[in-house]
Amino acid sequence: MRRLHIHCRTSFLFLFLAWSMLAKAELASVNSPISLVNERLFLLDDENSSLSPEQAFALFKRQEFSNNIKNKVSFGFTQSTIWAVLPFNNDTAQWQSKVLKIDNAWLDTIELYIFTNNKLMRQISIGDTQPFTQRQRNARMPSVEHAFPRGQSYVLFRFRSQDPMTIPIYIGSDKAMVSAVIENAYFYGALYGGLLILLIYNLALYIYLRELKYLLYPIYLFAFTSFNFTYTGHGFWLAWPGSVALQQWLMPTLMFCYIFSAVMFTIGFLNTRTFLPALHANRYRIYVGLIVIAALIFVSGDRSFIIMIQLAMLTVLSIWMLLVGCLAYKNKDPLAKFFIPAITMGTGGATISSFATWGIIPYSQWAFRGIEIGMLLEMSLLSISLGFNFKLAQDARKSAESNARQDPLTMLYNRRAFSELVHPSWELSKRNNSPISIMLMDLDWFKRINDQFGHAAGDQVLEGVAKEIKRRIRDSDIPLRWGGEEFLIFLPNTNSQQAKQLAEDLRTQIKHISFNKINSVTMSIGVVSATPDQMDLDQLITLADEALYTAKENGRNTVVVVNNKSTLAAN
């Protein structure tokens, strides 16, 4: 429980810090001189991709571009070439240096043509078909710096991509852009740092527990992190800056890995073997089906088609995961109460990002990052749920251990627990050479009680006797249900006279207890006392058993004390 609480507090503290940094980043972006300029754009959809830059600019000058007054940023999947013109007016006497940034790392073709006095002054290519070694600025997002002369200039953009066409265009000073990069570093540092912490924590749980769900969760988490690391441009920027082919094909590949790991995690995380047996039985068919679908769409070689199908699969996956979670909850799976809200968070964030990418909802950085925020919340809650599952497993283990050592009827320890419980007291008595006594008790004619009054009445007698034993002994004494109707009490630092007195008190008291229709219950008791240097524990128990047998032979309802192996005293 303590470990779970620590993990919960750590997770929520991390989320609070991450959210604080997000709020700080958003506030900084609002107050910074960097501007999203899409509403100032003029747009043209070139369906045949047949225009040259000069032709496109001529069409703009003839006012055949449409004014983007609705601040459109996303165009979904399109085979068209999108042309955009950003007018820039420098009304100062000095040249103005500005950075133009397209805040999307996955676009294939981004070309800028800068016109001044209606003349093409500069041409730059910065899409992800350009390795970083050929880019003007070594920045994660495609960007270019340009000094604008006094007067009117125009920046003509040409966009073409097999990926979803999302073109958020920002303009600002180099210093402001650097500040924005730092703010983004805070966000992604919190995101990847948090995901790494969760991954390491749950890997450690798997190594400790060797339970499959604790391995499937880090795999699922790692698949998402790898996919995110690729489509945000971090991989291309930091890990493979010169490999265009790797950048373009790794994203759909990792997207499939993420989908596949999510399906495996859902089936493995929830207790489907117990609560959804049909799903569990068909899990391998589902895995093979996913691999076959992936093989078929990848064989097409059309990256746009592959990504489109996988985005559709992501949508279906989200609905399927929620449905499976609801069915598991209906069937009383305790982990489902964590799984459903976690997947809802991840699905909600992914849906917002998807809608922003498709242009269904207005673009904003919050919406664009919705999948990352949602998945961070989802992963954290799932990690907490695994901690909860760990607690349940530990409680079940402790309960099983306790049940194995404790008699469920009388709540006394059983014979299996004897050696473990007695060993410390025996060693202490051996060191101090102090006397030890053992009382072995057996209820008289107990079979008759069961036969005449029923086993429920017999159980009531056993419970009553156990309560009386516990009421009369010391905290240091160890009472056990030795088996059937037999009880044993281990009495450390107790001589034969003291043990005999306790035995007589118990015998007398139990004789006067009324058990409903049973008028009287009696018991025979064998008592043995010795010091550890005189005999070992097994010999003590053997002598106690002999004393009990003598008490039975002497007519029952009596106490027999053994002072040593040759002398018996009957009472």
Side-chain angles (χ1 to χ4, degrees), residues 36-38 41 43-53 56 65 68 72-86 100-113 123-132 134-137 139-144 155-170 227-237 240-241 243-256 297-298 300-312 314 353-360 363 365 367-369 371:
L36 180 68
V37 295
N38 284 64
L41 296 178
L43 302 172
L44 178 69
D45 188 338
D46 180 8
E47 294 182 0
N48 299 320
S49 302
S50 59
L51 296 175
S52 67
F65 278 54
N68 190 28
K72 189 174 182 179
V73 175
S74 301
F75 299 82
F77 285 94
T78 178
Q79 298 299 317
S80 301
T81 294
I82 303 297
W83 294 91
V85 173
L86 173 66
L100 292 159
K101 179 181 74 170
I102 294 83
D103 201 27
N104 186 348
W106 66 60
L107 296 176
D108 297 339
T109 300
I110 305 173
E111 294 177 343
L112 284 74
Y113 306 90
Q123 175 181 343
I124 314 104
S125 296
I126 53 174
D128 71 357
T129 55
Q130 295 291 121
F132 274 85
Q134 297 179 17
R135 298 190 188 185
Q136 181 203 23
R137 301 180 81 249
R140 177 173 62 93
M141 293 300 181
S143 59
V144 62
V155 183
L156 175 66
F157 297 88
R158 179 177 180 266
F159 297 102
R160 184 170 173 79
S161 185
Q162 296 185 59
D163 304 292
M165 186 72 75
T166 304
I167 53 170
I169 301 174
Y170 289 85
F227 170 51
N228 181 272
F229 190 71
T230 302
Y231 84 75
T232 57
H234 285 92
F236 194 21
W237 180 38
W240 50 88
S243 180
V244 172
L246 185 60
Q247 168 64 13
Q248 298 212 328
W249 284 100
L250 199 56
M251 187 169 80
T253 302
L254 291 176
M255 187 187 300
F256 173 75
I297 63 174
F298 272 88
S300 72
D302 186 338
R303 193 160 52 86
S304 181
F305 172 73
I306 294 170
I307 294 174
M308 189 182 302
I309 294 298
Q310 288 187 332
L311 285 175
L314 274 175
S353 289
S354 179
F355 283 0
T357 300
W358 284 82
I360 298 173
Y363 171 87
Q365 286 202 3
F368 204 52
R369 290 173 173 172
I371 185 172

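Numbers here simply count residues along the sequence, with the first being 1. Here the structure is a predicted model, which means the values were calculated and not measured.
With sequence neighbours left out, Asp302 forms a side chain to side chain contact (heavy atoms under 4.5 Å, CB included) with Gln162, Ser300, Ser304, Phe305. Listed by chain and residue number, Gln247 satisfy the side-chain hydrogen bond (donor to acceptor under 3.5 Å, both in side chains) test with Trp240 (two or more places apart in sequence, or in another chain). Under the rule for a side chain to side chain contact (heavy atoms under 4.5 Å, CB included), the partners of Pro131 that lie at least two apart in sequence or sit in another chain are Thr133, Gln134, Val244. By the ring-ring contact (aromatic ring centres under 6.0 Å, His included) test, Phe65 pairs with Phe60, sequence neighbours left out. In this view, Thr109 satisfies the side-chain hydrogen bond (donor to acceptor under 3.5 Å, both in side chains) rule with no residue, not counting sequence neighbours. For Ala105, the side chain to side chain contact (heavy atoms under 4.5 Å, CB included) partners two or more places apart in sequence, or in a different chain, are Met141. Partners of Gln136 under the side chain to side chain contact (heavy atoms under 4.5 Å, CB included) rule, at least two apart in sequence or in another chain, are Arg122, Val144, Glu145. Residues that satisfy the salt bridge (Lys or Arg N to Asp or Glu O under 4.0 Å) test with Asp108, not counting sequence neighbours, are Arg303. In this structure, the side-chain hydrogen bond (donor to acceptor under 3.5 Å, both in side chains) partners of Trp237, at least two apart in sequence or on a different chain, are Asn138. Every residue two or more places apart in sequence or in another chain was checked for a side-chain hydrogen bond (donor to acceptor under 3.5 Å, both in side chains) with Ser50, and none qualifies. Residues meeting the ring-ring contact (aromatic ring centres under 6.0 Å, His included) test with Tyr170, sequence neighbours left out: none. A search for ring-ring contact (aromatic ring centres under 6.0 Å, His included) contacts involving Tyr113 returns nothing, not counting sequence neighbours.
Annotation: the span from Asn38 atom CG to Leu86 atom CG amounts to 9.0 Å, rounded to 0.5 Å. The structure places CD of Glu111 at 9.5 Å from CG of Leu156, a figure rounded to the nearest 0.5 Å. Between atom CZ of residue Phe227 and atom OG1 of residue Thr232 there is a gap of 9.5 Å, rounded to the nearest 0.5 Å. Atom-to-atom distance recorded for His234:NE2 and Arg140:CZ is 4.0 Å, nearest 0.5 angstrom. The structure places CD1 of Ile102 at 4.0 Å from CD1 of Ile126, a figure rounded to the nearest 0.5 Å. Between atom CG of residue Asn228 and atom CD1 of residue Ile371 there is a gap of 7.5 Å, rounded to the nearest 0.5 Å.
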Under the criterion side-chain contact (heavy atoms from CB on, under 4.5 Å), I'd like the reasoning laid out for Ile110 against Gln130: C-alpha separation, chi angles, the key distance, then a yes or no. CA-CA 9 Å; Ile110 305 173; Gln130 295 291 121; over 6 Å; no
Evaluate Val73 against Thr166 for side-chain contact (heavy atoms from CB on, under 4.5 Å), listing each step before the verdict. CA-CA 6 Å; Val73 175; Thr166 304; 3.9 Å; yes
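Within the 4.5 Å cutoff, no side-chain heavy atoms of Leu254 are placed close to those of Tyr231. Side-chain contact between Trp249 and Ile306 is present, with at least one heavy-atom pair separated by less than 4.5 Å. Residues Phe157 and Ile169 are in side-chain contact: their nearest non-hydrogen atoms beyond the backbone lie under 4.5 Å apart. Residues Ile297 and Gln310 are in side-chain contact: their nearest non-hydrogen atoms beyond the backbone lie under 4.5 Å apart. Residues Gln248 and Asp163 are not in side-chain contact: their nearest non-hydrogen atoms beyond the backbone lie 4.5 Å or more apart. Counting heavy atoms from C-beta outward, Ser49 and Arg160 have side chains that approach closer than 4.5 Å. With a 4.5 Å cut-off on side-chain heavy atoms, Val85 and Val155 do not count as touching. Within the 4.5 Å cutoff, no side-chain heavy atoms of Asn104 are placed close to those of Phe159.
Counting non-hydrogen atoms of other residues, nucleotides and ligands closer than 6.0 Å to CD of Gln123 gives a total above 12.
A perpendicular orientation is assigned to the rings of Phe132 and Phe236, their planes being inclined by more than 60° (bins at 30° and 60°).
Residue Thr81 is tested with Leu51, Asp46, Asn48 for a side-chain contact (heavy atoms from CB on, under 4.5 Å); the sole match is Asp46.
Remark: the backbone N or O of Pro164 is paired with a side-chain donor or acceptor of Trp106 at under 3.5 angstrom.
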